[in-house]
Amino acid sequence: MRIKQIGLALAAAAVLALPAAPAEATSRIIPLDLAAGQQPENITLEPDGSADLTFAYTGEIGRVTPGGQVSVIARIPVPADGDVPVVHRKLFLGGIVRAPGGDLYVAVSTGTAATGLYRVRAGTAPVRVAALPPSGFHNGVALDPAGGDLFVADSFGSVVRRVSPRTGQVTDWATGDLLAPVSGFGANGVKVHDGAVWVSNLDRGTLVRLPLTGAPGRVVATGLGPVDDFAFHGSTVVVAVNQENRVVTVDRDGTRTILSISDGLANPTSVALRGDTLYVADSAYFGGSPNLLRTCLR
């Protein structure tokens, strides 16, 4: 499916209906260990309120309990000859998503034949369930709850791929300028919501909506800055703006900052929501200390 640019006008009014919800003044910050490489790139939540995190460059998947205990629950081998496009590290762990049965799926980039979508199952070693192009920078991952397939955003390849974890089949589901980078990273975060795949474009500062029906995609929000991951709170979108150390909400009234560096943000890479509880993973790629911030929207 090819998607078409329809202009850069803010079109959020048609799809983002609820007012933005401010974060409470008090938040809990759970520190992570920068020296151990605990720079969280993406996040998914467990039923008990624990947060599973991909640590970008170590191959480790961490778990933070509701009480703040941090442990490593899985390791994906780092290839000695790895060379990830753009960042030129031996490995990059991108998006992580939890399937209803408890399996975790993780996007792994290495620049080698080991690149792919991996399954992490309790009590077993991670297994690659689908090969992805070694030339790609595989970032956000989203689960299609209707069929169980996963969508993976390639930030370097201007494409969102649809992956079957059962068969390993990979399809270039959406391509085009809306997903393309300007000079670095294009398609980044990805979510399935309200009959569509939603994708953020970091370089362009946009949020794109791609209907699951295959109809043309369109830009629904612009001017977001270096937007990374995002999540939905009703019909309001909560967005991590990485290098600007902000979390913002986007609704029909526009964009509003709800968290900033003064709240403890250090390059927020991803957000997750359970009810009104907001989790923010801070990677500290460009300074500061990595952490998991937990607060409430009201």
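Annotation: side chain of S289 is not in contact with side chain of L34 (no heavy-atom distance under 4.5 Å). Contact check for S158 versus T175: no side-chain heavy atoms found under the 4.5 Å cut-off. The shortest side-chain heavy-atom distance between T115 and H138 falls under the 4.5 Å cut-off. T206 places none of its side-chain heavy atoms less than 4.5 Å from the side chain of S200. Residues P165 and L150 meet the side-chain proximity criterion, which asks for heavy atoms closer than 4.5 Å. Looking at P79 and L91, their side chains come closer than 4.5 Å, going by heavy atoms from C-beta outward. Residues L210 and V199 meet the side-chain proximity criterion, which asks for heavy atoms closer than 4.5 Å. Side-chain contact between L132 and V163: present, with at least one pair of heavy atoms (C-beta onward) separated by less than 4.5 Å.
In this structure, CG in N188 is found 11.5 Å from CG in L179, a value given to the nearest 0.5 Å. Put simply, CD1 on I61 and CG on D52 are 8.0 Å apart, with the number rounded to the nearest 0.5 Å. A distance of 11.5 Å separates CD1 in I261 from CD in E244, rounded to the nearest 0.5 Å. How far CG of D103 is from CZ of R119: 6.0 Å, rounded to the nearest 0.5 Å. Atom-to-atom distance recorded for N245:CG and L265:CG is 6.5 Å, nearest 0.5 angstrom. Taking CZ of R161 as the start and OG1 of T171 as the end, the distance is 10.5 Å to the nearest 0.5 Å.
Put simply, the residue from N42, L93, V97 that forms a side chain to side chain contact (heavy atoms under 4.5 Å, CB included) with V106 is L93. Between T255 and the choices V248, V237, T222, V241, the side chain to side chain contact (heavy atoms under 4.5 Å, CB included) rule is met once, by V248. For the side chain to side chain contact (heavy atoms under 4.5 Å, CB included) with I30, the lone residue among L293, V70, T65 that qualifies is V70.
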| Checking side-chain contact (heavy atoms from CB on, under 4.5 Å) for the pair L178/V219: CA distance, chi angles, key distance, verdict? | CA-CA 8 Å; L178 296 186; V219 173; 3.7 Å; yes
| query | Going through the checks in order, is the side-chain contact (heavy atoms from CB on, under 4.5 Å) test met by F55 and L32? | reply | CA-CA 10 Å; F55 294 141; L32 299 171; 4.3 Å; yes
| For D144 and R162, what are the C-alpha separation, side-chain angles and deciding distance, and is it a salt bridge (charged side-chain N to carboxylate O under 4.0 Å, His left out)? | CA-CA 10 Å; D144 180 1; R162 188 166 193 157; 2.8 Å; yes
| field | Worked verdict on T58 versus Q39 for side-chain contact (heavy atoms from CB on, under 4.5 Å) | value | CA-CA 9 Å; T58 66; Q39 294 177 278; over 6 Å; no
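Note on V141: it does not cluster hydrophobically with V160, by side-chain heavy-atom contacts below 4.5 Å among ILVMFWY residues. Follow the hydrophobic side-chain contacts under 4.5 Å out from V84 and you reach F286 in the same cluster. L104 and L143 fall into different hydrophobic clusters, where Ile, Leu, Val, Met, Phe, Trp and Tyr are joined by side-chain heavy atoms under 4.5 Å apart, directly or via other members. Residues I76 and I96 share a hydrophobic cluster, clusters being chains of Ile/Leu/Val/Met/Phe/Trp/Tyr side chains in contact below 4.5 Å. Cluster membership check: V247 shares its hydrophobic cluster with L297, using side-chain heavy-atom separations under 4.5 Å among Ile, Leu, Val, Met, Phe, Trp and Tyr.
The backbone N or O of I258 sits nowhere less than 3.5 Å from a side-chain atom of R246 that would complete a donor-acceptor pair. Looking at E41, its side chain never comes within 3.5 Å of a backbone N or O of A56 through a donor-acceptor pair. Judged purely by atom type and a 3.5 angstrom limit, T112 uses its side chain to pair as donor or acceptor with the backbone of A114. The main-chain N or O of D229 is never found under 3.5 Å from a side-chain atom of S270 such that the two would form a donor-acceptor pair. No side-chain donor-acceptor contact under 3.5 Å links Y279 to the backbone of L45. Between the side chain of D203 and the backbone N or O of V182 there is at least one donor-acceptor pair closer than 3.5 Å. Side chain of T257 to backbone of L259: no donor-acceptor contact under 3.5 angstrom is found. A side-chain donor-acceptor contact under 3.5 Å links S155 to the backbone of A187. At distances below 3.5 Å, not a single donor-acceptor pair connects side-chain atoms of D282 with backbone N or O atoms of P290.
Look at R166 and D149 and you find a salt bridge, because one of the NZ, NE, NH1 or NH2 atoms lies within 4.0 Å of a carboxylate O, short of that distance.
N267 and S283 are not linked by any side-chain donor-acceptor pair at a separation below 3.5 angstrom, with hydrogens and angles left out of the test. With hydrogens and angles left out, the side-chain atoms of T249 and T236 include no donor and acceptor closer than 3.5 Å. For the residue pair R98 / T44, no side-chain donor-acceptor distance below 3.5 Å is found, with atom types taken as modelled.
Judged by the 6.0 Å distance and 45° axis criteria, K191 is positioned over the aromatic ring of F230.
The heavy-atom pair separating V250 from A221 by the smallest distance is CG1-CB, 4.1 Å. Nearest heavy-atom pair across A130 and G168 is CB-O, 3.8 Å. For G288 against A284, the heavy-atom pair with the smallest separation is O-CB, 3.6 Å. Closest non-hydrogen pair, P216 versus P211, comes out as O-CD, 3.6 Å. When every heavy atom of A51 is checked against every heavy atom of L292, the shortest pair comes out as CB-CD2, 3.9 Å. Taking both residues in full, the closest heavy atoms of P85 and S135 are given as CG-O, 3.3 Å, listed atom of the first, atom of the second, then distance.
Between F232 and W198, the ring planes lie perpendicular to each other; the angle is over 60°, past the 30° to 60° tilted range.
Judged as a ring-ring contact (aromatic ring centres under 6.0 Å, His included), and not counting sequence neighbours, the contacts of F151 are W173.
Other residues, nucleotides and ligands contribute over 12 non-hydrogen atoms within 6.0 Å of the CG atom of L212.
No close placement of the Y118 and Y105 rings is indicated, their centers lying 6.0 Å or farther apart. If you look at F137 and F185, their ring centroids are closer than 6.0 Å.
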